[in-house]
Amino acid sequence: MERSLTTDEHRRLLGVSLRVRERVVRTVFRAGSGHVGAALSQCDVLVSLYERHLRVDPARMDEPTRDRFVLSKGHGGLGLAAVLAERGILADHELDTFGESGSPIGMHMDHRKVRGVETATGSLGHGLGIAVGMALGARIQRWPTRVFCLLSDGECYEGSTWEAALSASASGLTGLCAIVDRNRLTMDGFTEKEVPLEPLADKWRSFGWRVEVCDGHDHAAIDACFSRAKDQGPAVILAETVKGKGVSFMEQRPEWHYGSIDSAKLDEALRSIAEQHRAALAAIASGGAR
Ligand SMILES: Cc1ncc(C[n+]2csc(CCOP(=O)(O)OP(=O)(O)O)c2C)c(N)n1
């Protein structure tokens, strides 16, 4: 695997992922519930994107030529809110209201209410079409804008996703990069046991997309995919992930798609996140991945 990160940068990204995961579980504890498994699954991909590839200025999120990120898997809003807070786009006190009655920051976020959110999502299957429209608009304006879109693998069951994929390749949209959070789980079961999606890479290729496949928790691998996808679009990164990643009692368990945690579970979750972080640092020190 091509490595584009220095060891120091890799350690820094792991530190950001650690803090994002801590924010996610603390927020679920405070809010009383949330899509915790989905948020932990997408965490490392979004950290890589926001820390190294998405060209935005946190102080000027309305700058017209900025890059755009569309969270097509809208139930990942909890995880995106934690990343926005870590990047300084959302204030900590704003994140603290996540999911509260009357708060602007709901479980599915709304661009009219939350700074840094580009479009309202929640109904699966619509984000890629919106991202295609944004990329076409940027091309017409001759802006340098790149558009990134995170889909869940469950969204690859939606016909509208494939309509958008067809139109993106027909339009030769180079500034568009989709990422599929390929954790192989939906809300209540495993994709390959229910309606198999494999061979998923071949499906995207046959729709005219350049395909990258990587370990969606290996920052070096994710970073290399984002770098290769630049100007190569439309490109899709199939990020092989683990739902609930970082909290061992949640990993690959459908019941943690959405849930609540009491203070004992919060402590257990924080311990698990810290342990996995230490293991990842040790792997880097010994020359291994993650
Ligand atoms: C059109 C539509 N149908 C159903 C739902 C309800 N729903 C929310 S999340 C989800 C599936 C979750 O699995 P996946 O999409 O693979 O996302 P993951 O959490 O695994 O990243 C479903 C069916 C929805 N939000 N939108």
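Counting from 1, the numbers follow the sequence of the chain as shown. Note that ligands are numbered from 1 as they come in the structure, with each ligand's atoms numbered from 1 the same way.
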**OP:** Give me the one residue out of R182, E198, R184 that meets side-chain hydrogen bond (donor to acceptor under 3.5 Å, both in side chains) with T191.
**Re:**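 When side-chain hydrogen bond (donor to acceptor under 3.5 Å, both in side chains) is applied between T191 and each of R182, E198, R184, only R182 qualifies.
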Subject >> Polar contact flag, side-chain donor to acceptor under 3.5 angstrom, S272-S248 >> reply: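 Indeed, the side chains of S272 and S248 share at least one donor-acceptor pair under 3.5 Å.
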Subject >> Donor on one side chain, acceptor on other, E9 and T7, under 3.5 Å >> reply: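 No, T7 and E9 have no side-chain donor paired with an acceptor closer than 3.5 Å.
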**OP:** Name the orientation class of the two ring planes belonging to Y258 and H35 (parallel below 30°, tilted from 30 to 60°, perpendicular beyond 60°).
**Re:**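 Perpendicular: the ring planes of Y258 and H35 meet at over 60°.
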Original post:
Would a 4.5 Å heavy-atom cut-off, applied to side chains only, mark F69 and L71 as touching?
Top reply: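 They are in side-chain contact.
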**OP:** To the nearest 0.5 Å, tell me how far L197 CG sits from Y157 OH.
**Re:**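 With rounding to 0.5 Å, CG (L197) is 4.0 Å from OH (Y157).
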Could you pull out the N/O contacts under 3.5 angstrom between ligand 1 and the surrounding protein atoms?
residue: ligand 1; atom: 15 (O); partner: S152; partner atom: OG; Å: 2.7
residue: ligand 1; atom: 16 (O); partner: D153; partner atom: OD1; Å: 2.8
residue: ligand 1; atom: 16 (O); partner: G154; partner atom: N; Å: 3.0
residue: ligand 1; atom: 16 (O); partner: L185; partner atom: O; Å: 3.0
residue: ligand 1; atom: 17 (O); partner: H75; partner atom: NE2; Å: 3.2
residue: ligand 1; atom: 19 (O); partner: H75; partner atom: NE2; Å: 2.8
residue: ligand 1; atom: 19 (O); partner: K243; partner atom: NZ; Å: 2.8
residue: ligand 1; atom: 20 (O); partner: N183; partner atom: OD1; Å: 3.2
residue: ligand 1; atom: 20 (O); partner: N183; partner atom: ND2; Å: 3.1
residue: ligand 1; atom: 20 (O); partner: L185; partner atom: O; Å: 2.8
residue: ligand 1; atom: 20 (O); partner: K243; partner atom: NZ; Å: 2.8
residue: ligand 1; atom: 21 (O); partner: K73; partner atom: NZ; Å: 2.9
residue: ligand 1; atom: 21 (O); partner: N183; partner atom: ND2; Å: 3.3
residue: ligand 1; atom: 25 (N); partner: G122; partner atom: O; Å: 2.8
residue: ligand 1; atom: 26 (N); partner: L124; partner atom: N; Å: 3.0

